[in-house]
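Convention: sequence-line order gives letters A, B, ...; per-chain numbering from 1.
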Amino acid sequence: MKKILEITLGIVTSVGGFLEIGSIATAAQAGAAFGYQLIWAVVLGTICIAVLVEMSGRFAAVSGHTLPDAMRERFGATFFALPFVVLLAVSFLVLTAEIGGVAVALEIATGLRFPWWGLPVALLSWALLWRGTFGLIEKGVSILGLVTIAFAVGAVKLHPDYGAVARAALPSLPLPHSDWAKYWFIAVSILGASISPYLYYFYCAGAIEEKWDESYLATNRVIATLGMAFGGFLSVAIVITAALTFKPASIAADHYDQLPLLLLPPLGKAGFWLFLASLGIACLGATLEITLSLAYFVAQGLGWNWGEDLEPAADARFSLGYTLIILLATPIVLLGVDPLKITMLAMALTATSLPLGTFPFIILMNDKKYLREHTNKPLGNIVVVLISIIAAVLGVVSIPLEIMGG
Amino acid sequence: MSPVRSIAALTAVVLLACAKSPEEKARQAAETIESWKATVASVDSARLRKEVPEHFARVVRRTASEEIAKAAAHAK
């Protein structure tokens, strides 16, 4: 019974980290522009992140190390510096987008422009991190995040062609005469939104915080697979809903003021408020996870004392780390930079920089010194390496094209 | 020519070749204008059904005017 509860909570928290402004915005734009066509990108991203999350949980449970700690130890500080800096920079941009996402939800709900909400959101996030425990942050926000099931309800109520949805799970080229630069840019952005490094770094740190050992390997597999699958399912639901509401109406969903219309046709007035609640809670959860993930990354990478369950005084540098991270991410929101534009760019950059994080990770996952008999099977290696390369190549090609295309 | 210069030159050629033509820019602007007109129509009918608050409908109309003006300027 305890194990079932642990697994259920684990799945819920996995969902909570998956859905955030990146996955919501990219899925909505994909459905609005290309119907069901880009569902394959969500499926591919979900498979990859499920594999990465399972790997990171297994790594923590067997080795007792976190990923940054092991990377520094295995590859040396000099080599680790490059992925460290790039992943920090990209995750920082994603964090800005998430704070912006909460602020946008509050703007639409109240009418007060989003830059004014930047500081209150930052303060709330900091206060939750300062006073809360890892369990409260991870599970509390994730349980609230179950409101995002509204996307699945909305999609079902629109009676999609399930055959067409299933066919769209296979990769496809853009249709003739469609905007192929936009198609690949959104595909890359979806991959970046799904395969966010902060997700598996956070999961790994969480496994250490919760003192997982080898007895948790089966639990880890179930949580990683079902949690990420459910998150991916909700992203697909957003693509379907946008395909059936925005696309017929020729609404492009490339501005945040258009997004709350997504659930109006299937759910009416409740749909408007459910969308805002979903956006606000999902982005708040992501803000907390990314901030913690960055603080973990820095503390573990530099060998500092760390732990969300410790009192701030016991891990002062870790606490100072997340305080500074939030402080530095907030000004961009205060300046009124469009959170949706930051989101799309952040997601595409995440995808482009994937190999920097995943390749060293794959090497660790095949190192018997850390994992003994629990190293990766060939399929896991192939899935991660292949998708990382695809994402990076698409990113290198499509980002400049999309920027040039305005 | 060094490999770095070759890659930079090739990248520049590809990007220039893929830059949008005036016709494509005009098409993109027309799509943006259509998108915002549809958004305003959708919000207005939702407002009449009391599905969205008044302040949201006002903001959308203002944003739509700004975005349509920007798109029209880009198309020129």
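- Counting only distance, with no hydrogens or angles, the side chain of A/Ser178 and the backbone of A/Pro174 share no donor-acceptor pair below 3.5 Å.
- Heavy atoms of B/Glu67 lying under 4.5 Å from chain A belong exclusively to its side chain.
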For this session: Kindly determine whether A/Asp179 and A/Tyr183 satisfy side chain to side chain contact (heavy atoms under 4.5 Å, CB included), including the steps that lead there.
Result: CA-CA 6 Å; A/Asp179 187 338; A/Tyr183 181 89; over 6 Å; no
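- Residue contact with chain B, scored on non-hydrogen atoms closer than 4.5 Å, is absent for A/Ala270.
- Neither the backbone nor the side chain of B/Lys37 comes within contact range of chain A, judged by heavy atoms closer than 4.5 Å.
- In this structure, the separation between SG on A/Cys283 and CD on A/Glu98 is 5.0 Å, given to the nearest 0.5 Å.
- Contact annotation for B/Ala38: both backbone and side-chain heavy atoms come within less than 4.5 Å of a heavy atom of chain A.
- Proximity to chain B (any heavy atom under 4.5 Å) is shown, for A/Pro265, by neither the backbone nor the side chain.
- Atom CG of A/Leu106 sits about 9.0 Å away from atom CG of A/Leu112, to the nearest 0.5 Å.
- When each of B/Ala41, B/Ala46, B/Pro53 is scored by its heavy-atom pairs under 4.5 Å with chain A, the top score falls to B/Pro53.
- Between A/Thr110 and A/Trp117 the shortest side-chain heavy-atom distance falls below 4.5 Å.
- The part of A/Leu261 that comes within reach of chain B is its side chain, from C-beta onward, which places non-hydrogen atoms under 4.5 angstrom from that chain.
- Residues A/Lys182 and A/Phe34 are in side-chain contact: their nearest non-hydrogen atoms beyond the backbone lie under 4.5 Å apart.
- The part of B/Ser42 that comes within reach of chain A is its side chain, from C-beta onward, which places non-hydrogen atoms under 4.5 angstrom from that chain.
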